[in-house]
> 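My structure is below; once you've seen it, I'll send some questions.
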Amino acid sequence: DLLEESGIDVPRHVFMSRDGYVSTGTGDGPKKDDDEEGGSSICREEPEIEEHDDHIEVNGVTINKPFVEKPVDADDHNIAIYYPSSA
């Protein structure tokens, strides 16, 4: 989100949060809803993920393998690289 706010181009991306994180950037992921008191925005959608031999689908968006999975936390450098089964 910070890169986009600063006018820096980012690659096509999706995000999936299991802890309620909601991005304000352009990546496909959970949408925000206002809470019932009209306060801050919260995520009300459960993430949907399907892994196939040559691609992954996150919330209905298809990303072809190979791709890199990176945690949201910038200090967490535990990435995973997913390759197609034909590689």
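Just the heavy atoms: all of them, side chains too, but no hydrogens, waters or symmetry mates, feed the values below.
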> Pairs of donor and acceptor atoms involving the side chains of residues 70-81, under 3.5 Å and at least two apart or interchain, shall be tabulated with distances.
unit_1 : atom_1 : unit_2 : atom_2 : d
K70    : NZ     : D73    : O      : 3.1
K70    : NZ     : D76    : O      : 2.5
D73    : OD1    : D75    : N      : 3.0
D76    : OD1    : N78    : N      : 3.1
D76    : OD1    : N78    : ND2    : 2.9

> Under the side chain to side chain contact (heavy atoms under 4.5 Å, CB included) test, which residues partner S6, sequence neighbours left out?
L2, I8
> Mind listing the closest non-hydrogen atom pair of P84 and P66 along with its distance?
CD-N, 3.9 Å
> To the closest 0.5 Å, what do you measure between CD1 (I56) and CG (N64)?
11.0 Å
> How many angstroms lie between atom CD1 of I63 and atom CZ of R12, to the nearest 0.5 angstrom?
3.5 Å
> Any pair with a residue in residues 77-87 that passes salt bridge (Lys or Arg N to Asp or Glu O under 4.0 Å), sequence neighbours left out, goes on the list, sorted by first then second residue, please.
none
> Per the salt bridge (Lys or Arg N to Asp or Glu O under 4.0 Å) rule, what does the pair list look like for residues 50-69, sequence neighbours excluded?
E51-K65
